[in-house]
**Q** 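Let me begin by handing over the structure; questions about it come next.
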Amino acid sequence: MFYDRPSRFSMGCPPLIRRLKRYPGFIITLMWMFNLLWFEMLVFDSAVNSAMLSLPSTDNFYRILLIGDPQLTDWYSYSFLAADGPWLPFVEYFSDVFMRKSFRRLMRYHDSFHSVIVTGDVFDGGKGATAAQWNHSLQRYKHIFGDPWPVNMHHVVGNHDVGYPADENRKVVARFESVFGKTNKVVQVGRLHKLLLINSEFLDNSDKSPGRRETLEFITQYNKSNSENKKTYQHLFIHIPLYRRAWRECGNLRHGPALSPHREDFAAKAGKGQLVVMGRQDYLLEVTSKHILSTIKPVLVFSGHDHDFCEYIHTIPGADDTTWPTEDGEGCRAKEWTVGTFSWLQGNLYPSFSVLLLPKNDSVGFVDWGDKVHVFWLPTQLFNYLWYAVAFGCTIIAAAVLCCVPPERVYVAGVLGNPWACAGIYSALVIVVYCTLQWVEWFW
């Protein structure tokens, strides 16, 4: 039976509130269901919808969606993730489902995007993966981003895909190109813009490197074919950022400290102009960067690799491009954006995506588009899980308190008169809701 004697606190409450007070377990369960619905689904809807609604109309601009380093977390990512370990499937799932949720919601607006460009590092252990491991990662990637892709997708090759210069292996490059297309290519956007995706992984290798020769030849041939086309804007997409002096400021969007190129593992020149390359790079060599900038003369440069944002302005001495001239008029400038990672398990707690807007005609001034890339943050998944932990602790405390309350005050007769039975039923409801939400996000 209910305990009908009203307390002082409840005498002024509406009847519904007085009844709900007798079912605290039910109230806690409703709160958990709301939390799960928000953090597993609605927070992603809110992040993506608010981002897309804030963008200018597509009447005057092409939209290019930039995805930075998805780098699918796998056996290579962390020391505790053995290839046949028990934790690997769980980590892979929570890595993949986050990106799948985000990308699926972005693709609700797929008609508004001209292209999607991934700035490298498609897989984490791609360069050293066996055929079985690589195919497994490829199936994961297709499950996240679609098969076939719902919009034109172009992939910059990264060091985790084919390795650094010391790791150059043409079979690994061919495997990447067989699925994701050529590592050096041009994407035409309207009549004004050309996007150059180049393989920067082997540019600092020796002159004997086939990957270095192939990329330099591509740049040379493009420059010849485009030399008389003065009305085209070139935008460069690479994985490893261009050279900059140590500890340069990266702007307000960066969360971690700026990387320094002066590291013991960075490439060094030796001999007769040959390049001796170590097993790791954070930036391209200065001589390589200058050659790329002076040859292509890009307006904008986009890179990945760093997993965090960085804005940097390069100067191209002697260039006669008037799009963004230097203050002294002796050259032009190119702005580089290093794009943050799309994954929440790759060293940056604040995953994100970016949208580049390219004007459809010359009526839009450069200052209105060239100096701006729209950056949007995705949910901070680690904080979501920390909130779950706090909520779980509060639930345990509430359950302990309720066990001290006389049963007739809060429970009805029968099975619900047993607090442990109540806890079991309500916990089962919460688990069913959570599993249902995961099923929807994973399979729909």
Side-chain angles (χ1 to χ4, degrees), residues 47 51 64-71 117-121 156 158-160 164 195 197-198 200-201 203-204 235-267 280-290 292-293 296 298-317 323-324 326-327 331-357 366-367 369-378 380 382-383:
I64 311 296
L65 175 62
L66 305 179
I67 302 293
D69 294 56
Q71 201 164 325
I117 296 184
V118 180
T119 61
D121 283 353
V156 179
N159 58 285
H160 282 269
Y164 288 108
L195 315 182
L197 283 65
I198 69 171
S200 60
E201 304 312 302
L203 281 173
D204 287 336
H235 309 295
L236 177 65
F237 290 80
I238 55 179
H239 180 65
I240 298 178
L242 297 174
Y243 176 84
R244 76 270 320 252
R245 292 194 297 275
W247 305 114
R248 306 300 292 178
E249 291 296 327
C250 278
N252 297 327
L253 295 177
R254 189 176 183 86
H255 292 96
L259 293 179
S260 170
H262 302 295
R263 300 165 59 100
E264 61 183 3
D265 54 11
F266 195 68
R280 177 182 170 84
Q281 279 184 278
D282 287 329
Y283 301 99
L284 293 177
L285 284 175
E286 184 176 10
V287 62
T288 304
S289 301
K290 287 183 176 180
I292 293 173
L293 289 171
I296 298 176
V299 176
L300 299 175
V301 181
F302 296 92
S303 56
H305 188 60
D306 192 11
H307 294 198
D308 206 345
F309 277 97
C310 188
E311 303 174 45
Y312 187 80
I313 297 176
H314 299 277
T315 300
I316 310 174
T323 303
W324 197 16
T326 55
E327 294 180 358
C332 66
R333 290 173 286 188
K335 187 164 190 176
E336 179 176 357
W337 291 82
T338 300
V339 182
T341 179
F342 194 61
S343 172
W344 74 280
L345 283 175
Q346 288 299 328
N348 188 345
L349 295 178
Y350 305 93
S352 59
F353 66 93
S354 304
V355 178
L356 168 64
L357 300 179
F366 175 79
V367 294
W369 64 270
D371 199 29
K372 298 180 181 66
V373 171
H374 298 261
V375 177
F376 303 103
W377 307 108
L378 293 169
T380 49
L382 180 61
F383 296 162

**Q** Within this structure, what is the CZ-SG distance for the pair F309 and C250, rounded to the nearest 0.5 Å?
**A**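 Spacing of CZ (F309) from SG (C250) equals 11.5 Å.
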
**Q** Hey, does the side chain of N159 reach the backbone of D121 with a donor-acceptor pair shorter than 3.5 angstrom?
**A**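 No, the answer is negative, given that no donor and acceptor are paired below the 3.5 Å cut-off.
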
**Q** Are W377 and H255 close enough, and set up right, to give a ring-ring contact (aromatic ring centres under 6.0 Å, His included), and what steps lead you there?
**A** CA-CA 12 Å; W377 307 108; H255 292 96; 5.0 Å; yes

**Q** Does R244 make a cation-pi contact with Y312 (under 6.0 Å, within 45 degrees of the axis)?
**A**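 Flagged: R244 positioned over aromatic ring of Y312.
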
**Q** Is any side-chain heavy atom of L66 closer than 4.5 Å to a side-chain heavy atom of F237?
**A**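 L66 vs F237: side chains touch.
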
**Q** Nearest 0.5 Å please: distance from the OG atom of S352 over to the CG atom of L378.
**A**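 Spacing of OG (S352) from CG (L378) equals 6.5 Å.
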
**Q** Between atom CG of D282 and atom CD1 of I240, what is the distance when rounded to the nearest 0.5 Å?
**A**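 D282 CG to I240 CD1: 8.5 Å, rounded to 0.5 Å.
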
**Q** Test your reading of the model: is there a side-chain donor-acceptor pair from D204 to the backbone of L284, 3.5 Å cut-off?
**A**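 The answer is no, because no donor-acceptor pair under 3.5 Å joins these two groups.
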
**Q** Between atom OG1 of T288 and atom CD1 of I238, what is the distance when rounded to the nearest 0.5 Å?
**A**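 One gets 10.5 Å once the value is rounded to the nearest 0.5 Å.
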
**Q** Taking the side chain from R333 and the backbone from H314, do they hold a donor-acceptor pair closer than 3.5 Å?
**A**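 No, the answer is negative, given that no donor and acceptor are paired below the 3.5 Å cut-off.
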
**Q** Evaluate the criterion side chain to side chain contact (heavy atoms under 4.5 Å, CB included) for residue pair F383 and Y350; output intermediate values, then yes/no.
**A** CA-CA 10 Å; F383 296 162; Y350 305 93; 3.9 Å; yes

**Q** Start with the C-alpha distance between D306 and R254, add both sets of side-chain angles, then the distance that settles side chain to side chain contact (heavy atoms under 4.5 Å, CB included), and finish with yes or no.
**A** CA-CA 11 Å; D306 192 11; R254 189 176 183 86; 2.7 Å; yes

**Q** Quick one: do Q346 and D69 satisfy side chain to side chain donor-acceptor pair (under 3.5 Å)? Show the steps, please.
**A** CA-CA 9 Å; Q346 288 299 328; D69 294 56; over 6 Å; no

**Q** Supply the atom-to-atom distance L65 CG to H374 NE2, rounded to the nearest 0.5 angstrom.
**A**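 One finds 13.0 Å between CG of L65 and NE2 of H374.
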
**Q** Relative to the ring of Y164, is the ring of H305 parallel (under 30°), tilted (30 to 60°) or perpendicular (over 60°)?
**A**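 The arrangement is perpendicular - the two ring planes meet at more than 60°.
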
**Q** Does the pair I117 and I64 meet the rule for a side chain to side chain contact (heavy atoms under 4.5 Å, CB included), with working shown?
**A** CA-CA 7 Å; I117 296 184; I64 311 296; 4.1 Å; yes

**Q** Taking T119's backbone N and O only, do any of them form a donor-acceptor pair with H239's side chain (distance below 3.5 Å, no angle check)?
**A**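 Confirmed, H239 side chain pairs with T119 backbone.
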
**Q** For A334 versus P298, what's the shortest heavy-atom pair and its separation?
**A**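 Minimum heavy-atom contact is CB-O, 3.2 Å.
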
**Q** Of the non-hydrogen atoms in T338 and G304, which two are nearest, and what is the gap between them?
**A**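 That would be CG2-O, 3.4 Å.
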
**Q** Is a donor on one side and an acceptor on the other found under 3.5 Å between the side chain of T341 and the backbone of H307?
**A**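 Such a contact is absent between T341 side chain and H307 backbone.
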
**Q** Tell me, with the steps shown, if L293 and I316 meet side chain to side chain contact (heavy atoms under 4.5 Å, CB included).
**A** CA-CA 6 Å; L293 289 171; I316 310 174; 4.1 Å; yes

**Q** On a heavy-atom basis, which atom in S343 and which in P351 lie closest, and how many Å separate them?
**A**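 What the structure gives for the nearest pair is O-CB, 3.6 Å.
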
**Q** Would you say the side-chain atoms of E336 pair up with the backbone N or O of L300, donor to acceptor, closer than 3.5 Å?
**A**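 No.
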
**Q** Do E311 and L253 make a side-chain contact, defined as non-hydrogen atoms from C-beta onward lying under 4.5 Å apart?
**A**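 When only atoms from C-beta onward are counted, L253 and E311 do touch, with a gap below 4.5 Å.
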
**Q** Are the aromatic rings of Y283 and Y243 close, with centres under 6.0 Å apart?
**A**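 So the answer is no for these two rings.
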
**Q** With heavy-atom distances below 4.5 Å as the criterion, would you say the side chains of L236 and I292 are in contact?
**A**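 Yes. Closest side-chain heavy atoms under 4.5 Å.
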
**Q** Roughly how far, to the nearest 0.5 Å, is the OG atom of S289 from the CG atom of L242?
**A**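 The OG atom of S289 is 4.5 Å from CG of L242, to the nearest 0.5 Å.
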
